[in-house]
Structure formats: C-alpha cells, structure tokens
4 protein chains.
Amino acid sequence: MMSLGGQASDTPKNGGLSRIQERNRSLILDAALSEFSRKGFSGATVERIAAEAGMSKSNLLYYFSSKEAIYKATLAHILEVWLAPLKTLDPGGEPARELAAYIRQKIEMSATFPEASRLFANEVMQGAPQILPILEGDLRRLVSEKSRVIQDWIDAGKMRQVDPVQLIFMIWATTQHYADFSIQIKALTGKDLSDPVFFEETENSITTLILNGVGLTAPGNDD
Amino acid sequence: MMSLGGQASDTPKNGGLSRIQERNRSLILDAALSEFSRKGFSGATVERIAAEAGMSKSNLLYYFSSKEAIYKATLAHILEVWLAPLKTLDPGGEPARELAAYIRQKIEMSATFPEASRLFANEVMQGAPQILPILEGDLRRLVSEKSRVIQDWIDAGKMRQVDPVQLIFMIWATTQHYADFSIQIKALTGKDLSDPVFFEETENSITTLILNGVGLTAPGNDD
Amino acid sequence: MMSLGGQASDTPKNGGLSRIQERNRSLILDAALSEFSRKGFSGATVERIAAEAGMSKSNLLYYFSSKEAIYKATLAHILEVWLAPLKTLDPGGEPARELAAYIRQKIEMSATFPEASRLFANEVMQGAPQILPILEGDLRRLVSEKSRVIQDWIDAGKMRQVDPVQLIFMIWATTQHYADFSIQIKALTGKDLSDPVFFEETENSITTLILNGVGLTAPGNDD
Amino acid sequence: MMSLGGQASDTPKNGGLSRIQERNRSLILDAALSEFSRKGFSGATVERIAAEAGMSKSNLLYYFSSKEAIYKATLAHILEVWLAPLKTLDPGGEPARELAAYIRQKIEMSATFPEASRLFANEVMQGAPQILPILEGDLRRLVSEKSRVIQDWIDAGKMRQVDPVQLIFMIWATTQHYADFSIQIKALTGKDLSDPVFFEETENSITTLILNGVGLTAPGNDD
DNA sequence: CATGAATGAGTTTTCATTCAT
DNA sequence: TATGAATGAAAACTCATTCAT
C-alpha cells in the first residue's frame, strides 16, 4: 500500500490484525470511500461514516484516530489500485494493442470504482494536500518510465509523433471523465457506464479516437 | 444569467443596484469563486469569503442571505461563460476549423478561469445538487443541437463517423482536465497552462489528437 | 500586562476595546480565574466559565478563541499584580521596615487574591507550561536585582548573613502557603485569612519569625 | 495505611494478595503518582497510567475499579509517609535538635518524594475533596499534640514565644516549597534539591532562619 | 450600508468505563 | 489475570445565521 507519510499505522498495538480488526477496518474504509467521494473531506462526517460502516462513532475512532486518518487511509487504500493499470503498459507489446488495453482498463476502473475516481479527483482539485508527495515522487517516476516506452514506439516509427505525457493525460482525462462527471453524462444521455451498451460504445469511441489520433488502428476486439 | 431557481432575486428591495451594491456583489462573487473552488461548498466558510471580499461577514450576508445563496449566485455567474464556447460552433463552418476553434476556446477557458472549471467539476461530482435542472434542460438542448451539427458534418462525409455526444465529452474532458488537475499536471511536468509554451503545446496535442481522431487535419494556425 | 507569547491579542479586529468588549472580557477573566484556580486547567470547562460569566459558551469563544487562550489571558492578567510587591523593595529603606512591608503585602495578596495564588501555584506545579519563559526572564532578573539589594544590606552589616534568594523563597513560601493551603489551614485551625484576627496573628508570626531569623527586629506596626 | 473511606478494599475477592497482584498494584501506584502529580486528577488519564505501569487499561481497571479509586489509593499510599516526620518530634528532646531534625526530614522528603508533595498540594488546593476528613481528624489531632509539645518548650522558657501551629505551618511551607515550586526554583537558580550542594545550602538557610526566628541556635550538624 | 455581538446546532475528539473472551 | 473491542457521555471547538445598533 502506498504510504501517505502519516505516523505509522493507525491500528492498535501489535503487528498482525485480528479477524475483527481486519473486518472493521475494511468496513470503515468502504464507508469512508462512499462518504468522502460524495461529500468531500469537509462535507463528510465521521458519524455518517460510522453509521454506514455499522458501528458507533467511538468504535470507529478506536480504529482510526481521527477523521483525517480515515481520509488518508482511504486514499492510500485506493491509490494503489487506481494507478495500477498504467504499470501494465508493456514496452514489448504492439502499441495499438497496449494502448487499447490500457484505455480499456481505465474505463473499467471508472465503471467499477467511480467513487475512487471522484475521491482522487477531489483530492487533486483541493490541491492534493495529502498525495502531492506521491504525485511528485512515485507517480512522476512511473509516468516518466511509461513515457519512455511510448517515445520508443514513436522513435521506431510505430506511431505518430505526440508528446507521450500529454497522451497519457488525455487518456486519463477522457476515461476518468465518465466516472467524475457521470451525473452530467446521465443528465445529458440518460446513461452511464453501468449500462453495458453505453460502456461498449464509450470504449469504442475513446479507443478509436485516441488510436486514430496517434496514427494507429484499433486492434480487433477479441476479449 | 442562467437562473438557478432560487426564491426570487437575492438583492435588497428596489430593482436597480446602486454603484456600491454592484461593486460589492462583484467582490463577493469573486471571493466566493476562489473559496468555493478551492475548498468545495462545505469546506468554504462565509467568514473567509467575507475577508477576501474585504467586508464583514454581516455585510456579506446583507447582500446574499445565506451561504447557499452565495454559492448559487457564483455558479450562475460562471455557468453562462463556461458554456458559451459550445454555442459558437457554427454549422456553416469547416469542421476542422470549427472544432479547432472550439477546443482552443475551451483550453483558453481552462487557462483563464481554472477556478470556474473546478467549481463546476466540484458541483457535478457532488451530484450537481444545484445545477442538475440546468444540465437536464438548457445544457441538454444545447448539446443536442450541436450534436446535430456534428452529425450533419459526418453525414456530409466531412469527417469520420463518431458519436457526436461522445466527441463533445472528450473535448470537455481533455480541455477541462488541464484546469481541474492542474496541480497534478504541475507535479508531473512542472508546468501549467499559464506558461505560454505549455499552453501552445497542449493546444497542439489536443487539437491534433482529436482532429486526427475524427479524420480531419488541423487547419493552419493563423490566429 | 506581561505577555505570554501567544499570537497577539485575542480580541476582534480593531485596536481599542468597546465598552461591551471590555466588560465581557473582564467578566470572563474573573470567571476563568475562579474556575481554573479551583479545578486546574484540565478540570476546568469552558461551559462552566461561560456560565459563571453569564454568557453562552459560543459568546465566550467569540472573545477568546480557545480554552488555552482564556487560560493564558488569565495568567497574564494575574501575573503583573502577583509579582508587583517584590518590586517595591526599596534599597534606600531600612531592611526591617522594607522586609516587613514586603511580607505584609504578600500576605495581603494571599488574603485578597487567594485564587490568583492557587492558579499560579498550579501552573508552576504542572511544570509552568505557559509561564516558564517569564520565570526564566523577567522574574529571574527581578529576583537578581532584589537579591542585590538584600546582599547590600548584609554587606553593610545591617542584617545577618543569609542567601538573599533563599530568603525571598522563604517569604514566598510562608505567605503563599496561607492562600494555597487555606483549606488545610481551615481544617486545622478553623480559620483563614479572611478573619482579621487570624490575619493579624499570621502576619505577626511570619514577620517576627523571618525578621528575627535574619537578625532584625520587627518595626513598630504603624500602618 | 490511612483509609480514605472508599467503599471497602479495592482488591479482588480473597484476602491475601498474590505475588503478581502485589507487584502490579505497586506498579500502578507508582505510575499513578507520577501521572497525577504531574497532571492533576483531571489531567491524568487512565491510559497513560496503564502505559507507564506497563499493562493494559483493562487490566489496570481489574486492580482498581475506577480512576478515582486509583487516585484515592495513591493518596492513601503517600499520606502515611508524608505525615510521618511530624510524629517523630520528641517532647523529651532538645527543641533546637528536634526542630532541626524535623526540618531536615521534611526537606529530605521534598528531595526524595517531590511528586508526593505535589500530589498532596494539588489535592489540598482543589479543596481536599478526598482527604478533608483526614485533615480534620487524624492530622488535626497530630498537630494539636505536637503543638502542645512546642508550647511546653515555650512555657519552659526554652524558646521564644510563637504560635506553635503557625510555626508548624511555616516549616511545612518552606520545606514543601522546594518540591512544589521546584520548576520555578530551577528557573531562578538553575538548581534543585537533587543537587547535594543546593540541598545543604537550603537546609542550612531554612534551619538557621527558623531556629533563629524562634530564638534558638542551630545545633552542630553531626550527621 | 455596515458592523459588532450573540447564539444554537452540529462535529470532532477524548476518555472512563463496560463487555466478551 | 489479562486484553482487545466497544460504548456513551462529555468537552472543545466551528460556523452559519440572527440581532441590535
């Protein structure tokens, strides 16, 4: 799990978590994700998180010593999975296939974990008070590395010249938009990514646009 | 100004606003935009808005009867300008030129009014409690209309087949991303849209990607 | 007033205090002295202070931003008057008269402001978290200066050799004891300093003991 | 042990304490003394006491049923030893030798158990909620008895006329001051009673002052 | 128009204590 | 004996809002 710098773990004493602890922590983090992503840090209340996690406020505070601690843990909990897809971009693969796969994964994340996406967006929009160090560290390194991969494809003439970092931004922007702005999208189209048809349609649109945009052709969709 | 349905105007008595009233309302709205966009609705405080507007809390509440009223007014104030670019999409123009112009306008908005973008994003991410009616009404109609324009271009063989609504989403997503996630972008690249070189670069990347993506070629950049 | 380092004043905005402000601050400080001296910092509650000051908790917090701020202000408020007597020790005076006067003043303080004495004792016993800098600075200088005065008297053969600082400590100890331990004294004697006879008796005992102790004779009591 | 009236003993079931029980009770009382003397009753927390005693909060509460019970036990634990010196004042001895010995014992207590002194001071300053009955009972009787001793010495012309009770107060005051106000003394002199030189100096100053004060001469220091 | 004073409802947090094992 | 889990009551704030001037 990606560390958010706080002073060590926030769980009672001993190293290993008991069954109950693990269960409760998990319940809390789920509830917290729901609450924080909907209301933001300030709008969320510990009481509601506790209620949603099915325990008393005091008991919740037995597991996480403060609202901020819950928030940090929630972010950390999410960050790993949220940034995972990019790591799979394989230098040895075909650009079209690799990019298409990456885009698909990102859209799937938006469909499956829209709350995580919104939590992340919220955090960044507030100035990334908690995760700025991670953005400037781990994420920056990861993006550099993957940009290199893309640049190599470009240098090998496999795709059109484009700033790789900007390309990554555009993939993030387009895919996450469907999670972060899902209310707007629903208001305008009546649909969201939970609708398989709309999901397909969206994936096609984004993939086609971006692959065409960088001079590639979408690979046959065989998964 | 786009109405947010609130109970009547929120200005004292008589119809016309005095010079000083108009000035103060404006100061408040500016301060409110800054505060709300940075902290979200719940995180913002009336006191800070008042301080930033250079007046007492009480006086601020003389102009706007409640925090929510300030928030609504700020949203309304912004919405008009925020949605304006799309209106300029001209059915009679060349697709490439029109889309490029639209994209440029959107990026310019992101560069000039990043706070407005974040306020809007925030509002939508919280479930659009205030502007949902507008999204479902005015905006939906506007998007329908402009989708028709794009569809006509497609039908006329001027550009590749693509769902026009999805295309609009992608333009929104990519352009707004540079405002909403500017902290992340700064953490990863060291730059933001206030840097003219980065602005140029970004505009080129987005425009090229999207135009290529829909089978068009970027028009000569002659402005 | 002796500053306790906190970040500036704790009163709203402008420099001068309004009539109401002055009155309320004063009511609060009185109530706070009573509460803090009886219960200590942790045992005191803002609510009780507010109640005793005749106002709502919120209103109290409008005047002092936190419990700690009230505590600091109370200490500062008291310190000046608490340390004043020592300053009157006059190098030009007769040792017996001067010391007797000092002792009398200290006992009077104990009789008049026993709460201040206990607050001070409490603060010091907790490790002087707030006033340590003052003890090490202003007070230390004052004690040095007055020790010099006493040493001069000793050097001039006017009184017996004694460590002047220790003498000061003993005067403090004996006089303040009657405030700080008044409950015990009452339990043992049935009296306290508010009883004029007991006051007289106490003053005589302390003065005689200390003056005799340093080889002086009590001056005729003519005030 | 001096009883504080609480509801029966606070130890589990059977009469005799097991080895481990005795040890734990002792650990708790030590930790409690440290905590209560530093923070006062309200400022102390059961958790910190437990931590300092090296056991869990729950386990501590197995030995003492409540925070107040720990506090009472700590006080009782201390009181005996704290009041012991006065009992040694021997009617048959020489006044100078007896008083000097008493003073020395009191200073030694201040040097050895400053925490006990502060705990006691704290309790009395809060109004002696727990020990008032003892003050009014056992202690009052003891003081009466010893006052009689002193009065007999006075009546026998062995020392100057002085109110014996007041003399006792002054001995208490001066000697305990070095424990209770040790922080202040350290701030003013850089020293405390743990420094043997300062201890000597202090003992001499107090003894000389008080003995001279009552018309006696300090006995040769032969221990 | 403007502000200082006041408040009540809510929110986080602390902590002694109880419960179950 | 011992401890981890859980809780309820209290306490310190925070803040939008109202009142009086």
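Naming: A, B, ... by sequence-line order, numbering from 1 per chain. Not measured: the values here are computed from a predicted model.
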**Q** Between M55(A) and E47(C), name the one whose nearest nucleotide on DNA chain F is closer to the 5' end.
**A** M55(A)
**Q** Quick one: the side chain of K67(A) and the base of dT13(E), do they pair up donor-acceptor inside 3.5 Å?
**A** no
**Q** Once you apply a heavy-atom cut-off of 4.0 Å, does A44(B) come out as touching a base, just sugar-phosphate, or nothing?
**A** sugar-phosphate
**Q** Can you tell me which nucleotide in dA5(E), dT3(F), dT3(E) comes closest to the side chain of S56(B)?
**A** dT3(E)
**Q** Which part of the nucleic acid, if any, lies within contact of T45(A), taking any heavy atom under 4.0 Å across all strands shown: a base, the sugar-phosphate backbone alone, or nothing?
**A** sugar-phosphate
**Q** Counting only Watson-Crick pairs (N1-N3 plus N6-O4 or O6-N4) and G-U wobbles (N1-O2, O6-N3), all under 3.5 Å, who is the partner of dA6(F)?
**A** dT17(E)
**Q** Reckon Q21(B) has a side-chain N or O less than 4.0 Å from the OP1 or OP2 of dC1(E)?
**A** yes
**Q** Let me know, please, whether S58(B) or V46(C) comes out on the 5' side of the other along DNA chain F by nearest nucleotide.
**A** V46(C)
**Q** Suppose we call a contact any N or O donor and acceptor under 3.5 Å apart; does that hold for the side chain of S18(A) and the base of dG4(F)?
**A** no
**Q** I'd like to know if K57(D) reaches the base of dT3(F) with its side chain such that a donor and an acceptor end up less than 3.5 angstrom apart.
**A** no
**Q** Could you state the atom-to-atom distance from CG of N59(B) to P of dC1(E) in whole Å?
**A** 9 Å
**Q** Applying side-chain hydrogen bond (donor to acceptor under 3.5 Å, both in side chains) between Y71(C) and each of E35(C), Q130(C), E123(C), report the one that passes.
**A** E123(C)
**Q** Do you know which of R38(B), K39(B), K57(B) makes salt bridge (Lys or Arg N to Asp or Glu O under 4.0 Å) with E52(B)?
**A** R38(B)
